[in-house]
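Scope of the values below: all heavy atoms of this structure, side chains included, with no hydrogens, waters or symmetry mates. These figures come from a predicted structure and were not determined experimentally.
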Amino acid sequence: MSTEKNILLVDDSDFDRMMLSRALANKGNYNIKDASSGQQCLKILNVEKIDIILLDIMMPDMDGNELLVKIREKFNPVELPIIMITGKAEATDVVNSLKLGANDFISKPVNFEVALMRISAQIKISDYSKEMIKLQQLSALHALVATYNHELNNPLAIAIANLTQVGFDRNNDEAIKNTENALWRIADIVKKIKEITDGSQIDFVDYNGGQNMLKVK
Amino acid sequence: MCEIKGKYFDEATFLKNFQGMEDLAYDMVVIFLGSVDSMVAEVENAIKSNNAGQIEISAHSLKGSVSNFYAQECVQIAFKIEQMACGKSYDNNEMNDCLKILKTTTKNLKKDLVSFQDRKKSA
């Protein structure tokens, strides 16, 4: 599997786009894709895996900040870092973009070494954050398995107790019924544990008014 | 008349940015020389059409491109045109004066870039 990261460069200036994409491809281990407009950028995001976006602020039709807002409806700053590229380096413009969800900014003319360092830093932060989320999910999984393991003991104890009783009195329907129910509960829990250990996808879902629970698919 | 060399093109800073990519630097000069006239023409057409929105966009675009050559004179005049258009109402005479300066500065930038190109070719 390729370890190259995919950079999407969005700038309406053909010259600026060409220069930056060639410089980044030359200096870094990156796969560069480019878009000349917001619409083109959104189309690419629908079909390609992009690891980081370099986004020009001032573009005709849809400007960089409008596009930034649209991208953030789908991808948060950890999932998809965005570095704004701007010839407008006034503090208010920078603050505005950062408030809207940009991770960082670079001024034009772009210093390639600075750009590379910032790209690398943002990708690392994103990768580490994703690893942290996986570890948290794993930790929750462990807790879940431990919980199910503990839960097994209860119906198992009932089953054993009732089996013992049935052993003395074969006409005890209630005991037989309790035993049957307990065994089905055990079977269900075992099935769920198997699904987890099979590596099924784990999702967090909002259950019953905001409580985060794990959904095992 | 004393000419200030490198006033319109900061070759040293430009080349420092492209360190290790000298071929790319040369290519960018060639490509820019092929496109700068049309970029200036876009600004001029927008000014002639009195289209503030288009003046702002085309001047901003030109400013971005010339800034890659650390061409401060060109950057400043393109920025001034962009700012005037951004305000939506501007004095036409002043705008046309700025356009003249823009044409002069980009012409001088081109001269510096052609000189750079020729030196690299013969090196």
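Atom CG of residue A:Asp56 and atom NE2 of residue B:His60 lie 5.5 Å apart, to the nearest 0.5 angstrom. Note that CD1 of B:Ile31 and CE of A:Met18 are 4.0 Å apart. Values are rounded to the nearest 0.5 Å. Distance check: B:Ser65 OG to A:Asp14 CG gives 9.0 Å after rounding to the nearest 0.5 Å.
The environment of CG in A:Asn76 is crowded: more than 12 heavy-atom neighbours from other residues, nucleotides or ligands sit within 6.0 Å. At most 12 non-hydrogen atoms from other residues, nucleotides or ligands lie less than 6.0 angstrom from CG of A:Asp61. Around atom NZ of A:Lys27, more than 12 heavy atoms belonging to other residues, nucleotides or ligands sit under 6.0 Å away. Annotation: A:Lys130, atom NZ; neighbour count of heavy atoms from other residues, nucleotides and ligands within 6.0 Å is above 12.
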Carefully, step by step, assess B:Met21 and A:Arg22 under the rule side-chain contact (heavy atoms from CB on, under 4.5 Å). CA-CA 10 Å; B:Met21 302 186 290; A:Arg22 283 181 64 176; over 6 Å; no
- Task: Test B:Gln19 against A:Phe112 for side-chain contact (heavy atoms from CB on, under 4.5 Å), laying out the working first.
- Result: CA-CA 10 Å; B:Gln19 205 164 23; A:Phe112 301 132; over 6 Å; no
For B:Lys63 and A:Lys108, run side-chain contact (heavy atoms from CB on, under 4.5 Å): C-alpha distance rounded to whole Å, both residues' side-chain angles, the deciding distance at 0.1 Å, then the answer. CA-CA 9 Å; B:Lys63 182 190 76 178; A:Lys108 282 185 177 179; over 6 Å; no
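In this structure, the side chain of B:Asn68 does not engage the main chain of A:Asp16 through any donor-acceptor pair within 3.5 Å. With hydrogens and angles ignored, the 3.5 Å screen pairs no side-chain donor or acceptor of A:Asn111 with any backbone N or O of B:Asn17.
Residue A:Val114: no heavy atom, backbone or side chain, is found under 4.5 Å from chain B. Only the side chain of B:Phe69 comes within contact range of chain A, judged by heavy atoms closer than 4.5 Å.
Side-chain contact between B:Met28 and A:Phe15 is present, with at least one heavy-atom pair separated by less than 4.5 Å.
Heavy atoms only, all atoms of each residue included: A:Pro109 and B:Ser67 are closest at CB-O, 3.1 Å.
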